[in-house]
S.K.: 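Please find one structure pasted underneath; my questions will follow.
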Amino acid sequence: MLKNKPKTKILVDGGDPSETFRVKTLIGFVDGQTTNPSLVAKNPEIQRLVASGHRLSSQEERNEYRKIVQSISPLVGDAGVSIEVFADLGTRAEEMLAQGQEMFAWIPNAYIKYPCTHEGLRAAQMSVQKSIRVNMTLCFSQEQAAAVYAATKGAREPVYVSPFVGRLDDRGENGMDLVRNIKAMYARGDGHVHVLAASIRSVNHLLCSFALSAELATVPATVLDEWAATGFPMPDQDFRYRGLDAAGKVLKALAYKELDLNLPWESFDIAHELTTKGIQKFVADYQSTLKRSA
Ligand code: G3P
């Protein structure tokens, strides 16, 4: 078990309550959980239904999702359970908000995940006005993080923004630089947005998240298993993160940009190809469990 809890809160990135329970036993605590449509589609119960030839209706899928987060909810600490709305590239903010409101009522410690798109940001803006906690997902740029900050100003509870480290690494860009740059940019802000390092693929990513003082990191159980198996290493003062791809090639550094957090959120150029691809992947994984007509 982990003796000294890091300042960075640790969340399990998954969709299986028994896995969360196992990690909690291994580490001694779990601060929170993040889920998404791809992870829910991989839930063992849903996989069993699909393997037996059963395809779910949208309502059944939603019921399964609710049961999953209701089982996870009591296992985690104050970082809560992030639940993602089902959105494709055409989903309007009002529809996302309606889903978010319903999902927020499923458990007492919910955070609602919206994508870092124009409609996702609009939904977030309306949500924080209704005191619905939000986690802005599929963040791949400093501009998106600046827009999250500006759109949710005045939120009474922390807002999360989730930079996807591993997916930037996948295309040769140093994803940890995005976390570093957002932290530096937010240092000039009011602290209402917390950085949740996501798409963590290795212990090295996790240690770098600690070293950068990310408020939270969401981590697959496999990476937490590896961290535990190696005795829960922590970054020391000499820790230097070397962003390398799988072949050992140095990842491209992402330069810091001077952005004014006081500008209206609509003024930031938030388009990012990986956000679009991420939404398409979530839709495809979600639909793989559904009836054709659903
Ligand atoms: O935390 C976000 C995560 O679920 C996405 O991870 O590995 O699919 O990029 P990955």
Side-chain angles (χ1 to χ4, degrees), residues 34-41 56-66 68-70 80-141 143-162 164 192-194 196 198 263-287 289-291 293-294:
T34 54
T35 64
N36 65 41
S38 303
L39 295 168
V40 168
L56 289 80
S57 67
S58 304
Q59 190 53 48
E60 282 174 322
E61 176 94 8
R62 204 160 295 192
N63 289 345
E64 290 301 317
Y65 198 179
R66 180 171 41 75
I68 291 167
V69 298
Q70 285 177 340
V81 181
S82 290
I83 312 171
E84 185 151 348
V85 299
F86 298 109
D88 61 22
L89 295 171
T91 307
R92 301 276 296 161
E94 288 73 16
E95 159 61 8
M96 291 190 209
L97 176 65
Q99 288 186 45
Q101 280 180 297
E102 184 193 326
M103 291 166 156
F104 194 67
W106 286 352
I107 51 174
N109 51 353
Y111 277 75
I112 301 303
K113 286 174 86 175
Y114 298 116
C116 281
T117 57
H118 185 271
E119 292 305 296
L121 283 157
R122 270 211 312 123
Q125 187 173 38
M126 293 188 278
S127 294
V128 297
Q129 284 163 7
K130 294 178 185 297
S131 295
I132 292 173
R133 290 177 292 269
V134 301
N135 173 358
M136 299 307 290
T137 190
L138 291 168
C139 174
F140 294 99
S141 74
E143 287 85 346
Q144 290 176 331
V148 168
Y149 179 97
T152 59
K153 234 175 169 180
R156 281 184 281 277
E157 293 201 65
V159 166
Y160 298 163
V161 66
S162 296
F164 271 37
H192 82 275
V193 187
H194 291 187
L196 195 173
L263 291 174
W265 69 265
E266 296 91 339
S267 67
F268 295 103
D269 178 8
I270 57 164
H272 200 287
E273 189 195 356
L274 290 183
T275 304
T276 305
K277 283 191 175 161
I279 291 171
Q280 287 166 334
K281 167 100 172 62
F282 284 154
V283 170
D285 287 343
Y286 169 61
Q287 281 177 346
T289 64
L290 292 184
K291 282 184 185 143
S293 57

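For the numbers below, each heavy atom of this structure counts, side chains included, while hydrogens, waters and symmetry mates do not.
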S.K.: Can you list every pair that meets salt bridge (Lys or Arg N to Asp or Glu O under 4.0 Å) and has a residue in residues 97-111, with sequence neighbours left out?
M.R.: Arg62-Glu102
S.K.: With a 4.5 Å limit on heavy-atom distance, are the side chains of Ile107 and Ile83 in contact?
M.R.: yes
S.K.: For the residue pair Leu274 and Leu138, establish whether any side-chain heavy-atom pair is separated by less than 4.5 Å.
M.R.: no
S.K.: Begin from the C-alpha positions of Met103 and Val69 and carry the test side-chain contact (heavy atoms from CB on, under 4.5 Å) through to its verdict.
M.R.: CA-CA 10 Å; Met103 291 166 156; Val69 298; over 6 Å; no
S.K.: Which heavy atom in Pro158 sits nearest to a heavy atom in Tyr111, and how many Å separate them?
M.R.: O-CE2, 3.5 Å
S.K.: Can you name the closest pair of heavy atoms from Val148 and Cys116 and give their distance?
M.R.: CG2-SG, 3.9 Å
S.K.: The criterion is side-chain contact (heavy atoms from CB on, under 4.5 Å); which residues satisfy it with Lys153, sequence neighbours excluded?
M.R.: Tyr149, Asp190, His192, Asn262
S.K.: Please name the pair of heavy atoms, one in Pro37 and one in Tyr286, separated by the smallest distance, quoted to 0.1 Å.
M.R.: CB-CB, 4.1 Å
S.K.: Identify which one of Glu95, Glu94, Glu266 satisfies the salt bridge (charged side-chain N to carboxylate O under 4.0 Å, His left out) criterion when paired with Arg122.
M.R.: Glu94
S.K.: Do Leu196 and Ser162 come within less than 4.5 Å of each other through their side chains, counting heavy atoms only?
M.R.: yes
S.K.: Holding to salt bridge (charged side-chain N to carboxylate O under 4.0 Å, His left out), I want the full list of residues that pass it with Glu84, two or more places apart in sequence or in another chain.
M.R.: Lys113
S.K.: Once you round to the nearest 0.5 Å, how far does CD of Glu119 lie from CG of Leu89?
M.R.: 11.5 Å
S.K.: With sequence neighbours excluded, tell me which residues meet side-chain contact (heavy atoms from CB on, under 4.5 Å) with Gln129.
M.R.: Gln125
S.K.: Does the side chain of Glu61 reach to within under 4.5 Å of the side chain of Val40, using non-hydrogen atoms?
M.R.: yes
S.K.: For Phe140, enumerate each residue passing the ring-ring contact (aromatic ring centres under 6.0 Å, His included) test, keeping only those at least two apart in sequence or located in another chain.
M.R.: Phe164, His272
S.K.: Can you name the side chain to side chain donor-acceptor pair (under 3.5 Å) partners of Ser141, sequence neighbours left out?
M.R.: none
S.K.: To the nearest 0.5 Å, what is the distance between CZ on Arg66 and CD1 on Ile68?
M.R.: 11.0 Å
S.K.: How would you list, by chain and number, every residue that makes a side-chain contact (heavy atoms from CB on, under 4.5 Å) with Val128, sequence neighbours excluded?
M.R.: Val134, Thr152, Ala155, Val159
S.K.: On a heavy-atom basis, which atom in Ala41 and which in Thr289 lie closest, and how many Å separate them?
M.R.: CB-CG2, 3.8 Å
S.K.: To the nearest 0.5 Å, what is the distance between CE on Met136 and OG on Ser82?
M.R.: 11.5 Å
S.K.: Going by side chain to side chain donor-acceptor pair (under 3.5 Å), name the residues that satisfy it together with Tyr65, two or more places apart in sequence or in a different chain.
M.R.: Thr35
S.K.: Just by distance, do the side chain of Glu143 and the backbone of Ile270 share a donor-acceptor pair under 3.5 Å?
M.R.: no
S.K.: Could you measure the distance from the OG1 atom of Thr137 to the CZ atom of Phe282? Nearest 0.5 Å is fine.
M.R.: 5.5 Å
S.K.: What's the separation between atom CD in Gln59 and atom CG in Asn63, rounded to the nearest 0.5 Å?
M.R.: 5.0 Å
S.K.: Sequence neighbours left out, what passes side-chain contact (heavy atoms from CB on, under 4.5 Å) with Ala123? Give chain and number order.
M.R.: Ala93, Met96, Tyr114
S.K.: Kindly compute the distance separating CG (Leu121) from CE (Met126), expressed to the nearest 0.5 Å.
M.R.: 11.0 Å
S.K.: What residues form a side chain to side chain donor-acceptor pair (under 3.5 Å) with Arg133, not counting sequence neighbours?
M.R.: Glu157
S.K.: What residues, two or more places apart in sequence or in another chain, satisfy salt bridge (charged side-chain N to carboxylate O under 4.0 Å, His left out) together with Asp88?
M.R.: none
S.K.: Mind checking what makes side chain to side chain donor-acceptor pair (under 3.5 Å) contact with Arg92, not counting sequence neighbours?
M.R.: none
